[in-house]
Amino acid sequence: QVQVVESGGGLVQAGGSLRLSCTASGLTFDDVVMGWFRQAPGKEREGVSCINGNGGSTYYADSVTGRFTISRDNAKNTLYLQMNSLKPEDTATYYCAASRRAWWKVLIKHCNGMDYWGKGTLVTISS
């Protein structure tokens, strides 16, 4: 049984930083594409960033490029999202997800096409 669990959310002032973590079990971690998504109240879920199995290729949404960094530690089955220069518009529930699809299939869909999802962690940025 695959389990995906996020942690690290919280309340941060604008301009601050936060690091999210995600652990995945029940799968071969370095075989799967991993991604971060977010959904703000009243808005559709959007792909924030994703990373291929060996960590050598990444994708970022335009809204976070230059501020967020995705990484993974395959030895620990853990995915990270380092978020810097946070803005109030970054406020959302952040979800971690895993995909068994090939990296190029996820990339062309801007990280969509995930198979397993966590329950989310809330990030709130105060102005």
Side-chain angles (χ1 to χ4, degrees):
Q1 182 179 356
V2 176
Q3 286 191 317
V4 178
V5 180
E6 307 93 340
S7 62
L11 173 64
V12 178
Q13 285 190 331
S17 299
L18 204 60
R19 189 176 82 157
L20 304 182
S21 299
C22 167
T23 58
S25 59
L27 44 71
T28 303
F29 190 72
D30 54 4
D31 278 351
V32 296
V33 173
M34 297 294 296
W36 289 100
F37 297 76
R38 67 186 181 185
Q39 187 166 22
K43 294 189 177 181
E44 292 187 355
R45 186 179 64 199
E46 65 169 332
V48 173
S49 181
C50 49
I51 187 169
N52 73 338
N54 64 19
S57 297
T58 58
Y59 164 88
Y60 295 95
D62 289 344
S63 58
V64 306
T65 297
R67 300 188 298 122
F68 291 10
T69 302
I70 191 171
S71 62
R72 63 192 296 163
D73 184 339
N74 287 348
K76 296 182 179 179
N77 281 23
T78 302
L79 176 75
Y80 303 100
L81 185 68
Q82 178 66 43
M83 305 185 293
N84 299 330
S85 302
L86 284 162
K87 305 175 181 179
E89 51 264 44
D90 293 318
T91 295
T93 298
Y94 283 71
Y95 298 90
C96 175
S99 175
R100 295 188 183 277
R101 291 166 174 75
W103 169 240
W104 70 267
K105 291 185 178 180
V106 174
L107 184 62
I108 62 173
K109 293 186 176 182
H110 296 177
C111 303
N112 287 299
M114 295 292 166
D115 299 305
Y116 308 102
W117 292 85
K119 295 182 178 180
T121 186
L122 180 62
V123 172
T124 304
I125 311 303
S126 62
S127 57

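Side-chain atoms are counted along with the backbone in the values below, which use heavy atoms only and exclude waters and symmetry mates. Residue indices begin at 1 and follow the sequence shown.
- Using a distance-only test at 3.5 Å, with no hydrogens or angles considered, no donor-acceptor pair links the side chain of Arg101 to the main chain of Val106.
- Placement of Val48 and Tyr95 in two distinct hydrophobic clusters is found when ILVMFWY residues are connected by side-chain heavy-atom separations under 4.5 Å, directly or transitively.
- No donor-acceptor pair closer than 3.5 Å links the side chain of Trp103 to the backbone N or O of Thr58.
- Between the OG atom in Ser99 and the CG atom in Asn112 there is a gap of 10.0 Å [rounded to 0.5 Å].
- Contact of the Asp90 side chain with the Arg67 side chain is registered, since non-hydrogen atoms from C-beta on lie closer than 4.5 Å.
- In this structure, the side chain of Asn77 does not engage the main chain of Phe29 through any donor-acceptor pair within 3.5 Å.
- To the nearest 0.5 Å, atoms CG (Leu122) and CZ (Arg38) are separated by 13.0 Å.
- Atom CG of Asn54 is separated from atom CG of Asp31 by 11.0 Å, given to the nearest 0.5 angstrom.
- Of the possible polar contacts, one joining the Thr91 side chain to the Ile125 backbone as a donor-acceptor pair under 3.5 Å is found.
- In plain terms, the two heavy atoms of Ala98 and Val32 that are nearest each other are CB-CG2, 4.4 Å.
- Put simply, the side chain of Arg72 gets close to the backbone of Asn52: a donor and an acceptor are under 3.5 Å apart.
- Atom-to-atom distance recorded for Lys105:NZ and Lys109:NZ is 8.5 Å, nearest 0.5 angstrom.
- The two residues Gly120 and Thr93 have their closest heavy-atom pair at CA-CG2, 3.9 Å.
- Taken together through direct or relayed side-chain contacts under 4.5 Å among Ile, Leu, Val, Met, Phe, Trp and Tyr, Tyr116 and Val33 form parts of separate hydrophobic clusters.
- Considering all non-hydrogen atoms of both residues, Ser127 and Pro88 come closest at CB-CG, 3.9 Å.
- Listed here is the closest heavy atom pair of Glu46 and Ser63: OE1-OG, 4.1 Å.
- One finds the SG atom of Cys111 at 11.5 Å from the CZ atom of Arg45 (value rounded to the nearest 0.5 Å).
- Among all heavy-atom pairs drawn from Gly47 and Ala61, the shortest one is O-CB, 3.4 Å.
- Tested against Leu81, the residues Val123, Leu20, Thr69, Val64 include a single side chain to side chain contact (heavy atoms under 4.5 Å, CB included) partner, Leu20.
- In this structure, Phe37 has its ring center closer than 6.0 angstrom to the ring center of Trp117.
- A side-chain donor-acceptor contact under 3.5 Å links Tyr60 to the backbone of Ile70.
- Taking OG of Ser17 as the start and CZ of Arg19 as the end, the distance is 12.0 Å to the nearest 0.5 Å.
- A chain of hydrophobic side-chain contacts below 4.5 Å, direct or via other Ile, Leu, Val, Met, Phe, Trp or Tyr residues, connects Tyr94 to Leu18.
- Cluster annotation: Phe68 and Leu79 are assigned to the same hydrophobic cluster (Ile/Leu/Val/Met/Phe/Trp/Tyr, side-chain heavy-atom contacts under 4.5 Å, transitive).
- Side chains of Cys22 and Val4 form a contact here, defined as non-hydrogen atoms less than 4.5 Å apart.
- Nearest heavy-atom pair across Ser71 and Ile51 is CA-CD1, 3.9 Å.
- Considering only heavy atoms from C-beta on, Asp115 stays 4.5 Å or farther from Val2 through its side chain.
- There is a path of hydrophobic side-chain contacts, each under 4.5 Å, that joins Met34 to Met83.
- Side-chain contact between Trp36 and Cys96: present, with at least one pair of heavy atoms (C-beta onward) separated by less than 4.5 Å.
- Distance alone, capped at 3.5 Å, places no donor-acceptor pair between the Thr121 side chain and the Glu6 backbone.
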